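Computed from a prediction, not measured in an experiment: that's the story for all the values here. Lettering of chains follows the sequences in order, A, B, ..., and the numbering in each one begins at 1. Note: hydrogens, waters and symmetry copies are ignored here, and every other heavy atom, side chains too, is used.
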Amino acid sequence: MLQVNDIDVFYGSIQALKKISLEVKPGNIVTLIGANGAGKSTTLKTISGLLRPKNGSISFKGREISKTSPNKIVGMGISQVPEGRRVFPSMTVMENLKMGAYLRNDKQGIVSDLNAVFDRFPRLQERIKQMAGTLSGGEQQMLAMGRALMARPELLLMDEPSMGLAPLLVKEIFDIISFINSTGTTIFLVEQNAHMALSIANYAYVIETGKIVLSGPAQDLINSEEVKKAYMGG
Amino acid sequence: MFLQQLLNGITLGSTYALIALGYTMVYGIVQLINFAHGEIYMFGAAVGLFLVTVAGFSLVPALLGAMTFCMLLGVLVEKIAYRPLRGKSSRLSALISAIGVSIFLSTFMLLIAGPNTRRYPEVVNPTTYHIGSLQLSSMQIIILLVAALLMIGLNLMIQKTRLGMAMRATSEDLEAAYLMGIDVDRIISLTFAIGSALAGAGGVMVGIYYNAVFPYMGTMVGLKAFSAAVLGGIGSVPGAMLGGITLGILEIMGVAYISSSFKDAIAFGILIIVLLIRPQGLLGKKISKKV
């Protein structure tokens, strides 16, 4: 579904990604784990078109997207839950969700997806008229996820959904990610919380200072001594 | 006397507000102070004058014509002078580009129209209405009505329509707006279009009200409207409206009760005091940096 081949990405003269290649197969949860500053968010931003690779190619459902503008990429079926949630703080919960469906014209589909989001996140329904900036961190994460789902994406990119959340809430968020996947959405998940990410993923990549250093089925990586040592404090 | 001055102040202030909206909307989205905005206003006054004198238009068609012209001019300026710099160079370069456009537009007008002050012919009956002890000229009524209509329309558009929501989203978080599928370049064009049309309307009405159109008329008014936007809280649409009307009232009160030679000093002096006490402006949000 998504194929990233040998991309190099630079911030000015600093190379952030070095020949990154990875693949996300339809229906899977694929995770990219690694330490802070390894290049996880850079990888996601390059896939969504916010950053441009200097070399290499990115294809989605067989179409090259490395030069496509980010708004068009959304239209092709890729949505992103950005790092730090990035909800629109002075807009209401409802308006945020509507922005997620910005490119859609099917009114009935939007209404039914809105109801699906409220079923999944009842807290959001209680707060539809509240400004998104006044929500708690966990609620903002739910809003960011709901907003991305409103685009009805085929591929959902998630950037550190567990960041800054209490452990109990992290568990809840990961359960929801599994559920979203079970409804047919393919997920590419970037995480620092390697244990949680590996526990729900099918396949995993490990990134270190801009390079993929390890990859394999998530089950294998979870038991790998190398991963345990480096990312799970054991 | 006081109420009369208040009314005059609100009239002047509503024209500042129309122009201040352009500054604040553009700043809200691209964090650029569009120094060419005062010149767009000047073009509005000039094109309106041209339409009235040469083409023989009456007030409303001339107003609409000038607004359309300014809309196109604003979009063109953004495409030529700002868009190529966006994301590729610092904000300072765009600011310098804006100053360049401002100088270009006023000297261009100087070249084609000459330095003389021109006057609008009589486009509205100069009737004066009396409400109790208050005097209200027909042009004042037109300014107040048109400004109110445009501002209500703008508010409805921003609050209720899909494009208005996209504008708000883009001004809150440009990158997140891209991730919603919003064509951000188009929203920026739209912002310049709306802001410039409002400035054009302001130009025609001030040109008629003060009966003076000249190539450098945009400099001082632009500066004042910009100050009004800052006073209200730059980036805030209701702030620009409030800031514009406040500045207009201050200026007229300064003239009426202190001295007309101090009018700009009084207006800007009060502006400085307000900003010292409330740096974010009257309706501006405190900027809190994310960690």
Side-chain angles (χ1 to χ4, degrees), chain A residues 12 41 44-45 47-52 68-92 94-105 107 110 131-133 137 140 143-144 146-153 156-159 163-164, chain B residues 24-25 27-29 83-84 86-90 93 155-191 232-240 280-281 283-291:
Chain A
S41 292
L44 276 199
K45 283 188 176 180
I47 296 169
S48 350
L50 293 172
L51 294 171
R52 296 269 173 245
T68 310
S69 60
N71 50 301
K72 293 212 174 97
I73 290 176
V74 178
M76 294 171 76
I78 302 182
S79 278
Q80 185 178 337
V81 182
E83 182 179 8
R85 357 250 190 245
R86 305 284 283 270
V87 294
F88 301 112
S90 313
M91 295 172 76
T92 64
M94 191 60 160
E95 286 173 333
N96 267 274
L97 292 171
K98 280 189 177 161
M99 286 324 295
Y102 182 72
L103 290 177
R104 294 174 57 186
N105 294 317
K107 279 205 170 145
I110 293 175
M131 294 293 165
Q140 286 191 15
L143 179 57
R147 186 180 66 174
L149 287 174
M150 287 305 294
R152 207 179 264 188
L156 184 62
L157 309 175
M158 305 191 76
D159 198 345
M163 196 170 68
Chain B
T24 223
M25 286 165 65
Y27 184 87
I29 287 195
R83 184 167 299 182
R86 199 182 308 138
K88 295 189 186 90
S89 53
S90 72
S93 321
N155 253 333
L156 284 177
M157 188 260 167
I158 291 179
Q159 293 304 326
K160 303 285 178 204
T161 69
R162 175 169 169 273
L163 277 178
M165 273 214 282
M167 280 174 76
R168 278 189 287 148
T170 309
S171 91
E172 294 220 327
D173 191 332
L174 193 116
E175 215 172 67
Y178 267 122
L179 295 176
M180 301 300 107
I182 295 171
D183 186 344
V184 170
D185 279 344
R186 208 174 127 235
I187 295 296
I188 293 171
S189 281
L190 180 73
T191 308
I234 189 108
S236 156
V237 167
Q280 72 272 36
L283 301 182
K285 270 174 250 155
K286 268 213 177 104
I287 296 160
S288 53
K289 274 244 160 163
K290 265 182 284 185
V291 191

* Asked: Near R52(A) CZ, under 6.0 Å, is it more than 12 heavy atoms from other residues, nucleotides or ligands?
  -> yes
* Asked: Which distance, rounded to the nearest 0.5 Å, do you find between the CG of L179(B) and the CZ of R147(A)?
  -> 7.5 Å
* Asked: What are the two closest heavy atoms between M165(B) and M91(A), and how far apart are they?
  -> O-CE, 3.7 Å
* So which residues of residues 71-79 of chain A are in contact with chain B at a heavy-atom cut-off of under 4.5 Å? -> N71(A), V74(A)
* Only counting residues at least two apart or in another chain, list the ones meeting side chain to side chain contact (heavy atoms under 4.5 Å, CB included) with R86(B). => V30(B), E78(B), R83(B), D185(B), I188(B)
* Nearest-0.5 Å distance, CE of residue M180(B) to CG of residue N96(A) -> 8.0 Å
* Asked: So which of S90(A), A144(A), P82(A) has the largest heavy-atom pair count under 4.5 angstrom toward chain B?
  -> S90(A)
* **Any residue meeting salt bridge (charged side-chain N to carboxylate O under 4.0 Å, His left out) with K98(A), in chain and number order, not counting sequence neighbours** => none
* **All salt bridge (charged side-chain N to carboxylate O under 4.0 Å, His left out) counterparts of E172(B), not counting sequence neighbours** => none
* In Å, rounded to the nearest 0.5 Å, how long is the span from CE of M99(A) to CZ of R168(B)? -> 8.5 Å
* Structure fact -> Value for OH (Y102(A)) from CG (D183(B)), rounded to nearest 0.5 Å, stands at 7.5 Å
* Asked: Checking heavy atoms, do the side chain of L163(B), its backbone, both or neither come under 4.5 Å from chain A?
  -> side chain
